[in-house]
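Right, one structure below, let's go through it.
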There are 2 protein chains.
Amino acid sequence: MPPTTPAQPRRRDRRRARHEATKREILDTAWSMVRTDGLAALSLRALAHAVDMEPQSLYTYFASKNALYDHMFADGNQELARRFADTEIPGEPRAALRAVARLFVEFATQDQARYQLLFLRTIPGFRPSPESYAIAVEVLDSGRAVLTRAGLRADADFDLWTALVAGLASQQLANDPGGDRYVRLIDDAVTMFADHVLGARRPHRAPVPEAPPAPAS
Amino acid sequence: MPPTTPAQPRRRDRRRARHEATKREILDTAWSMVRTDGLAALSLRALAHAVDMEPQSLYTYFASKNALYDHMFADGNQELARRFADTEIPGEPRAALRAVARLFVEFATQDQARYQLLFLRTIPGFRPSPESYAIAVEVLDSGRAVLTRAGLRADADFDLWTALVAGLASQQLANDPGGDRYVRLIDDAVTMFADHVLGARRPHRAPVPEAPPAPAS
DNA sequence: GTCTATATCCAGATAGAC
DNA sequence: GTCTATCTGGATATAGAC
């Protein structure tokens, strides 16, 4: 019998685990609902009934609707962070840019509601908590680290980069949801960007095989 | 006495003019409200009281809330069309691209709610009517015409263009509303784009004065 | 931790008098 | 064209029994 593990803490752990499991189920259900009905259309009543609860019981898990949005915000950013961690980023600068662009645009275009919650100001009055926002900053820093390794130095270049990939994602979601009209432009966009900030290895879209890599600055 | 203009029609005209004026006032008030409270936060009650009406009276002017959104959608697109018509677009390709990029990004960043209504799918269930959507298509065609004149041929290039300018606008609104962190990247972004699709007149950001204009294709 | 009961207020929309 | 009156339903949130 383990001496330093009395029964009480273990039971408390079990209870807490169950609490977390229910919370997880609520969050997953919420995601599924906003995916079909739209982010702003989420109602706590409908959510509660979808998990077989009375609406009031939700308040055991989330203090308010905005608190729920806040958890979803953290959740989505954590998912993106996980993908960053799980993706091997090539050392070659252009390949690295392609990898991170694909990673982000794929993540963004998979879920319109998630994109709106994480990157647009769709819900009036919603502001992520400092803790949740910190995760978003961490993710952004992951992206920045990749670009720095690829030879990017200027903040303005990083901003141009985020505008480019966010633009592809945004247009894909708004004008061709579920399609690939803008997704398929990713590689071309990366080439355009890399030519601009890293120096053109190949002039004007004509591929030059075996050209030496261009220096960063 | 004018023979072919009886009194009845004139009175009808006056009434209709008054009707249109009130409609205009409601629309303007709605714009002002969504600008401060957020697009999705608009309520017909609050709107009605802001124009000193009972909520029910609004239905004389707009058949539903979505009908109001639809009029706002048309309204915003008409404003953008007006700006296109009023702006002189230079003949030189890069200058033309700069002009249209500035025009669009300025319009977009002036009003977050308007941007969300016109270009993002913020309101669950809202779809513009065919008549309103036609105005949006017309505006898009204006932009396309400028790029065609500048030497752009491929549809994919036009899509890359809209992604780029929409990305700048979107990031400006989401991450630095009211500032110019992304707006000031417009010229750089246009250079990047033009180098890519029109051919690099200047290699890697080093301006070459008096260089001959590059051919379109 | 979940429920019943309730509070409070708001939403969009319709009917019909004036 | 605007009002009063009303419908119907929804929203978020709290109190307290079990």
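The sequence lines fix the lettering, A, B, ..., with proteins before strands; numbering per chain opens at 1. Because the structure is a prediction, the values reported are computed rather than measured.
Residues B/I135 and B/Q78 come closest through the heavy atom pair CD1-NE2, 3.5 Å.
Residue contacts for B/L42: at a heavy-atom cut-off of 4.0 Å it reaches the sugar-phosphate backbone alone, with no base atom in range. Among the atoms of the strands shown, only primed sugar atoms or phosphate atoms (P, OP1, OP2) are found under 4.0 Å from some heavy atom of A/S64.
Here the side chain of A/Y61 is nearest to one of C/dG12, C/dT2, D/dG1, namely C/dT2. In this structure, of C/dT2, C/dT4, C/dA13, it is C/dT4 that holds the atom nearest to the side chain of A/Q56. Of all nucleotides listed (D/dG1, C/dG1, C/dA13), C/dA13 comes nearest to the side chain of B/K65. Considering only side-chain atoms of A/T60, the nucleotide from C/dA13, C/dG1, C/dC3 that sits closest is C/dG1.
When the nearest nucleotides of DNA chain D are assigned to B/D52 and A/Y59 by heavy-atom distance, the more 5′-ward of the two goes with B/D52.
Put simply, A/S43 has no side-chain N or O that comes within less than 4.0 Å of OP1 or OP2 on D/dG10. In terms of phosphate contacts, B/S57 brings a side-chain nitrogen or oxygen within less than 4.0 Å of OP1 or OP2 of D/dC3. Taking side-chain N and O atoms only, A/R45 has a distance below 4.0 Å to OP1 or OP2 of D/dA11.
For the pair A/R114 and A/F107, the cation-pi test (distance below 6.0 Å, angle within 45°) is passed.
Side-chain atoms of A/Q171 and B/T162 include a donor-acceptor pair closer than 3.5 Å.
Going from atom CZ of A/F62 over to atom P of C/dG1 covers 13 Å, rounded to whole Å.
Counting heavy atoms of neighbouring residues, nucleotides and ligands inside a 6.0 Å radius, atom CZ of A/R35 exceeds 12 of them.
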